*Asks:* 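Below is the structure I would like to discuss, written out as structure tokens.
A quick note: this is a predicted structure, and the numbers were derived from the prediction, not measured. Chain letters run A, B, ... following the sequence lines, proteins first, then strands; residues in each count from 1.
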There are 2 protein chains.
Amino acid sequence: MTRKKEGLRERRRRETRQEIRAAALRLAGEHGFDKVTVEMITTEADVSHRTFFNYFSTKEAAVVQAPPKLPDEEVDAFAALGPAHPREILADLTALLLRDIAEQPPRRDEFHATFALAREHPPVLAAMLAGFGAFERYLAGIVATRTGQRAEDEAPRLIAALAMTALKTGMESWVAEDPKDENDSPMPYVERVMTLLRTLLGH
Amino acid sequence: MTRKKEGLRERRRRETRQEIRAAALRLAGEHGFDKVTVEMITTEADVSHRTFFNYFSTKEAAVVQAPPKLPDEEVDAFAALGPAHPREILADLTALLLRDIAEQPPRRDEFHATFALAREHPPVLAAMLAGFGAFERYLAGIVATRTGQRAEDEAPRLIAALAMTALKTGMESWVAEDPKDENDSPMPYVERVMTLLRTLLGH
DNA sequence: AGAAAACATGCACAGAGTGCAAGTATGGAA
DNA sequence: TTCCATACTTGCACTCTGTGCATGTTTTCT
């Protein structure tokens, strides 16, 4: 129940990871992603070439957000609701996602930097979309668990895809907007897209 | 109106491209994508290392389908329909896509091979999703032209995303299925997903 | 305290992708 | 037909990404 005491090792690892990320984003912002070499990043972050690839499997991975891991309790609770009308499942799923966003609000500056890079550099975009894709399949698996279907079945895949569409579109609008205040959140944007989605297709 | 006489040069280029693709897919099917080097492909296709990268900017690009280019007349006709209820625009857009599929039916064997590779090799999946993403932005632009909005606005992006979701989901189901007969088409699958989408969110 | 596991690092290497320059084939014009 | 401009192919040399392996160091657990 309580978060396991984070050992020194884990903390260092998290810090190092964040330092590499920050260095990569800073340098990419200055010189452009393709002008930045891994060596420059490792120098800036003060780690070895080899350590960089211990944390990130590619250069792109260092500048894109890893898809969030949803808390197990939430996922279990969702799955326990059991079969229902697809519309209701989709609503529950998006609600779950929104709750997660509310609890772990993404950093706007990092997201903005990542999206800006993705717009200009296809490899970064590819890495980002791959992350979204992996997360979408993960969601499809969760939905399938709830409905007792297989993750490869059409309905779970479609529901997950719709939830991801709302999430992606909303996030995109969020980062495109000028920051209103300091502690703004993508939540209202995603919620608005969900509404738009309903009025678009819904009755 | 009539297709411009295809010069020898263009034909050779198309053939070479196809030969490289075929060689890449064949070798990747045999040894696995990551065990295949560009050199192996060039040897098999009988072109130089440098020529390979003249046709494909990355090794991944050689094994994924380039997003189709929609015929200008169709696109213009679509745009000329002018603003309408989003639901109607989405219906027109998917109809346009289905018509294009019907006219240029994708080769099942190649699609199957590509999807199989994408399932096992993240870089291939990333390249494929990047292609879909580019096509989706292209569609958003078309929708924006029709409605007089900007391609970055939320409604065009969302409509394009929904159309792509239907297309992707349908295609995925299609390739997953065992080939019923020789000349089967992904069309009915995509149509079924569209219906599912309507009953899922619709009235 | 000491063993075991996790981690960082350096080294060497295969392979991807690019700029450049030279050669070859094609389309078009005279 | 002849000749030129252009497009395409190729080889070469090079930078950079990403990986296997061996070694040393730090943390955790008992």
Side-chain angles (χ1 to χ4, degrees), chain A residues 3-21 23-25 27-28 30-64 117 120-128 130, chain B residues 3-21 23-25 27-28 30-64 117 120-128 130:
Chain A
R3 176 175 301 249
K4 253 222 151 65
K5 170 174 62 188
E6 184 189 49
L8 186 94
R9 194 165 252 164
E10 289 175 7
R11 198 193 64 202
R12 288 283 283 257
R13 218 174 146 69
R14 199 166 42 79
E15 285 172 354
T16 302
R17 188 184 177 83
Q18 188 52 33
E19 269 170 34
I20 296 176
R21 275 190 63 79
L25 283 173
L27 289 172
E30 286 177 26
H31 309 115
F33 180 75
D34 44 2
K35 298 295 178 191
V36 176
T37 68
V38 171
E39 202 192 349
M40 290 166 71
I41 301 175
T42 57
T43 302
E44 185 88 359
D46 201 44
V47 293
S48 74
H49 173 206
R50 203 62 189 71
T51 294
F52 176 91
F53 288 105
N54 263 341
Y55 283 85
F56 300 100
S57 61
T58 68
K59 198 175 79 170
E60 288 78 25
V63 294
V64 299
L117 289 176
E120 307 215 323
H121 305 277
V124 178
L125 179 62
M128 203 172 90
Chain B
R3 175 174 302 248
K4 253 220 153 62
K5 171 174 63 190
E6 186 188 48
L8 183 82
R9 196 167 252 164
E10 289 175 7
R11 196 193 65 204
R12 287 284 283 261
R13 217 174 145 68
R14 199 166 42 78
E15 285 173 355
T16 304
R17 186 183 178 84
Q18 188 51 33
E19 268 170 33
I20 297 176
R21 276 191 62 79
L25 283 173
L27 289 172
E30 285 177 26
H31 310 113
F33 180 76
D34 45 1
K35 298 295 178 191
V36 175
T37 69
V38 171
E39 201 190 350
M40 289 165 72
I41 301 174
T42 59
T43 302
E44 185 89 359
D46 201 44
V47 293
S48 75
H49 173 207
R50 205 61 190 72
T51 294
F52 177 91
F53 287 105
N54 264 341
Y55 283 86
F56 301 99
S57 61
T58 67
K59 198 176 78 170
E60 288 78 24
V63 294
V64 299
L117 289 176
E120 305 213 326
H121 304 278
V124 179
L125 178 63
M128 203 172 89

*Asks:* Taking the side chain from A:T51 and the backbone from A:N54, do they hold a donor-acceptor pair closer than 3.5 Å?
*Replies:* no
*Asks:* Kindly check if the number of other-residue, nucleotide or ligand heavy atoms within 6.0 Å of CD (B:Q18) is above 12?
*Replies:*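 More than 12 within 6.0 Å, yes.
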*Asks:* Please state whether the base of D:dG18 and the side chain of A:R50 form at least one donor-acceptor pair under 3.5 Å?
*Replies:*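 Check fails, no donor-acceptor contact within cut-off.
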*Asks:* Salt bridge or not for B:R14 and B:E10, using N-O below 4.0 Å?
*Replies:* no
*Asks:* Could you tell me how far apart A:K35 (NZ) and D:dT15 (P) are, to the nearest whole angstrom?
*Replies:* 14 Å
*Asks:* Any base atoms under 4.0 Å from B:F56, or only sugar-phosphate, or nothing? Heavy atoms, all strands.
*Replies:*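 It contacts nothing in the nucleic acid.
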*Asks:* Taking the cut-offs as 6.0 angstrom to the six-membered ring centre and 45 degrees off its axis, would you call A:R21 and A:Y55 a cation-pi pair?
*Replies:* no
*Asks:* Scan A:Y55 against the nucleic acid and name what it touches under 4.0 Å (heavy atoms): base, sugar-phosphate only, or nothing.
*Replies:* sugar-phosphate
*Asks:* Rounded to whole angstrom units, what separation is found between the CZ atom of A:F52 and the P atom of D:dC16?
*Replies:*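 After rounding, the reported distance stands at 14 Å.
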*Asks:* Look at the side-chain N and O atoms of B:R13 and state whether any lies under 4.0 Å from the OP1 or OP2 oxygen of D:dT9.
*Replies:* yes
*Asks:* Judged by each residue's nearest nucleotide on DNA chain D, which is more toward the 5′ side, A:R12 or B:N54?
*Replies:*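 Result of the comparison: B:N54.
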*Asks:* Need two values: the first and the last nucleotide of DNA chain C, 5' to 3', having an atom under 4.0 Å from any heavy-atom of chain B.
*Replies:*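 Contact span on the strand: C:dG15 to C:dG27.
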*Asks:* Both B:V38 and A:V47 contact DNA chain C. Which one's nearest nucleotide lies toward the 5' end?
*Replies:*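 It is A:V47, whose closest nucleotide lies nearer the 5' terminus.
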*Asks:* So, is the end of the A:K59 side chain (NZ or CZ) under 6.0 Å from the ring centre of A:F33 and within 45° of the ring's axis?
*Replies:*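 Satisfied, under 6.0 Å and within 45°.
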*Asks:* Less than 4.0 angstrom between a side-chain N/O of B:T51 and OP1 or OP2 of D:dT10, yes or no?
*Replies:*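 B:T51 to D:dT10 OP1/OP2: side-chain N or O found under 4.0 Å.
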*Asks:* B:F53 has an atom CZ; how far is it from atom P of D:dC14, in whole Å?
*Replies:* 19 Å
*Asks:* Please answer whether the main-chain N or O of B:E30 pairs with a side-chain N or O of B:K35 as donor and acceptor at a distance below 3.5 Å.
*Replies:* no
*Asks:* Which word best sums up how the rings of A:F56 and A:F52 line up, parallel for under 30°, tilted for 30 to 60°, or perpendicular for over 60°?
*Replies:*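 Tilted.
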*Asks:* Look only at the side chain of B:T16 and the backbone of B:R12, and say whether a donor-acceptor pair between them is shorter than 3.5 Å.
*Replies:* yes
*Asks:* Take the protein atom CD1 of B:I20 and the nucleotide atom C1' of D:dT9, then report the distance between them rounded to whole Å.
*Replies:* 11 Å
*Asks:* Would you kindly compare A:D46 and B:S57 by the position of their nearest DNA chain C nucleotide and give the one closer to the 5′ end?
*Replies:* A:D46
*Asks:* Roughly how bent is the helix from C:dA1-D:dT30 to C:dA30-D:dT1 end to end, in steps of 10 degrees, with each end axis from five pairs?
*Replies:* 30°
*Asks:* The side chain of A:H49 is closest to which nucleotide in this list: D:dC8, D:dG11, D:dT19?
*Replies:* D:dT19
*Asks:* Of all heavy-atom pairs between A:H121 and A:D34, which one has the smallest distance, and what is that distance?
*Replies:*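 So the minimum-distance heavy-atom pair works out to CE1-OD1, 3.5 Å.
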*Asks:* Between D:dT26 atom C1' and A:E10 atom CD, what is the distance in whole Å?
*Replies:* 15 Å
